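Written below as structure tokens is the structure these notes are about.
All chains are named by letter (A, B, ...) in the order of the sequence lines, taking the proteins before the strands, and each is independently numbered beginning at 1. For clarity, every value in this text was computed on a predicted model and none was experimentally measured.
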Amino acid sequence: MPYDPQAIEPKWQKRWAAEKVAEVDVSRADQKYYMLNMFPYPSGDLHVGHGRNYILGDALYRFLRMKGLAALNPMGWDAFGLPAENAAIKRGIHPGEWTRSNIAREKEQFRRWGILYDWSKEIASCDPAYYRWNQWLFLEMFRRDLAYRAKAPVNWCPSCHTVLANEQVVDGRCERCGTVVIQRDLEQWFFRITRFADRLDSGLDSLEHWPEKVKTMQRNWIGRSFGADVQFEVPSLGRPITVFTTRPDTIYGATFMVLAPEHPDVPALIESAADGEEIRGWIEKVRNQTNLERQSEAAGKEGRFTGQSAINPFTRESIPIWLGNFVLPQYGTGAIMSVPAHDQRDFEFARQFGIPLRVVVQPFGEMLDADAMTEAFTEAGQAVNSEMIDGKPTQAAKEAMIGEVERRKIGKRMVRYRLRDWLISRQRYWGTPIPIIFCDGCGTVPVPEEQLPVELPLDVPFTGKEGNPLARTPSFVNVECPKCGAPARRETDTMDTFVDSSWYYARFISAHDSQKIFESSLVNRWLPVDQYIGGIEHAILHLLYARFICRVLYDMKLVDFEEPFTRLFNQGMITKEGYRDPDTNAWVPLDEVQWRDGAPYHGQDQRQLVAEVGKMSKSRFNVVPPDELIARYGADTERVYTLFIAPPEKEAAWSDDGVIGAFRFLNRVWAQGEQILTLQSELEDPDAKKMIRKSHQTIAAVTQKMERFEFNTAISSLMELSNSIGEYLSAGGTSRKNSSETFLAMLKLLHPFAPHITEELWSRFGGQGMIVKASWPLADQSLTAEDVLTIVVQVNGKLRAQLALDAGVTEEQAVAEAKAHARVLPYTEGKELVKTIYVPGKLVNLVVR
RNA sequence: GCGAAAGUGGCGGAACUGGUAGACGCGCUGGACUUAGGAUCCAGUGGCCCAAAGCCGUGGGGGUUCGAGUCCCCCCUUUCGCACCA
């Protein structure tokens, strides 16, 4: 009977589901292990790249449960978001309908991959039973002043017609669609994540099992810096301007001040300037630039002199106040003291506008010449020309200056962060309605808890025009004020979908609780998540928000931990070669590529294409859908191949040819099973010793590799074991006892990777119950040791011979054998032996002269 | 520019604390069995050399060591992150 995955796989998928194999009773289980793949956005088309992510999670899950842990592996849907709404605009389908049909398709895809999830805990963020708790959380945060509404310059994506959080702007562009983001002054809802900046930063130190890279990215994003706020008097203004500096030790070198063009004192400062009109025009130009334009232009630095000056509080000198496009209004105080000798940006600005510089820090034992400097000296050194701190090293000088600033009451020690509050409102329909009502009399009124959820109305116009469809739905907008009963307006913004995903991992524990967000006692037992798996693209976004909200829940005493994810694993992408037309830059669908002499051509004018490797995406026409693959080879082949091609954290290039290797391997395993079933002898066979030893070595190796996520080499170890079984059988081995024991151990080890074929073979061998419930094998240490060792003989470190010696060999014997070996003698004869190195059981190195 | 990671056969990749470089697989070559093969099985497959012996070989150059893919220094390349955050 040949290996027929088409027949086997659906059968076992049904049985796992029927027996609810993956269901965990969270109120009972001990030895808990909570593992979680980031829940997906149900876009409807999963490709093999997505598959890798879930397959590796499933392999780990099956391993953990065989090891005897109460492993929980739930799944849900990050189901709110723009693509659903865009589908509604384009095709007239309601976003909910589109989303639900995609969920059904993806769920079916998971089943076909043979992935076991505890579906009894399934959640979808677009379900009112879920998002009412978003609203509840919002109200709790509103009450605690962690959610607030404010007018601020915000990022606006003209293509998505909505505002974006800073985290969703990458290189000045919308993270979703790539459109250049513009700045708008709008009144929006924010979460006060900045209040947690310090805790979010310090907490990273406790995350031992997170990739260093992710922690670094978060640290950079939070951007904690230590320094001081210092006031500089401005006589013409009649009030001081405060600057933030991380180098208070250089204050004696501050020869000018620069303000952001947006700084609130600017209008007053330039009021009487002779060239005021020109300056105002310039400010207007800078303000209207996108951040992207401003950044690229500011690389060259532009500035205007206000005509006013400030007083350096330490030198008492009058220093000019400039405006500069490189000073950011949102960071610090939007004003800086400029120390051109010790800050590269200030240096460039000063040289460009002919402002003098003064050296106030020197490398030890060296004299800097202000006129000869070609770049700023920004490192630590020794303070000079700085009166009270002269001679002090930088660190001590900083401390002394902060002390002095505070003593004189002209400023204070300050820690500042790059992180800014999380803008959570979106002018889109398909998201959680923000539970707020605006009343002319009562102001901003929270929706009373008993009125939750504020449900999304289904009958709304999807026009695709700017403006939220909810705002054009009078039955939604027009409400009574919950406080005074007067006619009032409902907030029509919805929440950023990252709010939904910032706490979903806790909801799985109480997925159906209609009374509260979750049962704290259970959540405290099951969380933090022991192993979280997902893409690196969430290094900042989702993972930062989740860490933030977890701390909010902690402060609300709903959970007793601050970090939601103990271990984090970022899987690598699967890439595939695609073809691009070099003239038009267009990607060419694979089935339109024409081959001539091994070179790809395309189109009527037969332009030669270039091959490029990249992320699978529909726009590249290089997506490998799992359907065909599964129809041809089965899901087990896809699973084995996907985990075999590369270490799971690395990017991996898909190869259609490579798949065949995995398929052959499974076929071989199948055929070996068939052959073993025909064997008769129930006796021990001494010739089986080698195979048995290999099986115990493989148990030890695979167990270790599973724990380290080294799935690719775990599979290669299993291939070696299968080759060993093949050798035994083809050499005429007859012991059914020995071969089936080995084979069944191999099936268990293979089960996490190829669950269906192993179930089938297990049952054909009369295994007890299902293999998915079997226990992980243990290696017998007494059987793993080799009885003949290969000892390498080197002369002066060069390999010259190999010795096959009994395991019990002594050093003397090994060295004597090595010296006497015919291959070795030519290199040692007539030479003086100066040293002998012996590595027990491995190597003899004869050092001669 | 700054920071991090990585460079190993034709390809994907192995090599634990320095100890036989290239496991495992793809591809390729030859053979067997076949009406046929994108099936299966056997053998081979880093380079130089007909072969053996030998020599060379882990991006390049130096170094430490009996011994270096692995440790140290310099350089090159690629990928990723940050990029005026005062």
Worksheet entry | Strand-adjacent residues in residues 210-226 of chain A, judged by heavy atoms under 4.0 Å from RNA chain B | A/K213, A/M217, A/S225
Worksheet entry | Rounded distance in Å - CD (A/E651) to P (B/rG13) | 9 Å
Practice prompt. Between A/S717 and A/R800, just flag the one whose closest nucleotide in RNA chain B comes earlier from the 5' side.
Written response: A/S717
Worksheet item: Out of curiosity, A/T250 OG1 to A/H342 NE2, how far, rounded to the nearest 0.5 Å?
Response: 7.0 Å
Discussion item. Tell me the interatomic distance from A/M706, atom CE, to B/rC16, atom P, rounded to whole angstroms.
Written reply: 20 Å
Practice prompt. Between B/rC42 and B/rC80, how far apart are the C1' atoms? Round to whole Å, please.
Written response: 46 Å
Worksheet, complete the sentence: Rounded to whole Å, the CH2-C1' distance (A/W654 to B/rC26) equals 13 Å
Fill in: Nucleic acid contacts of residues 723-731 of chain A, taken as heavy-atom distances under 4.0 Å to RNA chain B
A/N723
Worksheet entry | Out of B/rC24, B/rA83, B/rC26, whichever nucleotide has its closest atom nearest the side chain of A/R664 | B/rC26
Worksheet item: Taking the P atom of each, how far is B/rG22 from B/rA39, in whole Å?
Response: 28 Å
Worksheet item: Could you write out RNA chain B as a dot-bracket string, with dots for unpaired bases, | for bases paired across to another strand, and Watson-Crick or G-U pairs counted at under 3.5 Å?
Response: (((((((..(((......[....)))((((((.......))))))(((.....)))..(((((..]....))))))))))))....
Discussion item. Ring of A/F326, cation from A/K301 - is the NZ or CZ under 6.0 Å from the centre and inside 45° of the axis?
Written reply: yes
Worksheet item: Does the distance from a Lys or Arg side-chain N to an Asp or Glu carboxylate O, for A/K576 and A/D656, drop under 4.0 Å?
Response: yes
Worksheet item: Rounding to a whole Å, what distance do you find between A/Y633:OH and B/rA39:C1'?
Response: 12 Å
Practice prompt. Indicate the atoms forming the closest heavy-atom contact of A/P647 with A/R52, along with that distance.
Written response: O-NH2, 3.1 Å
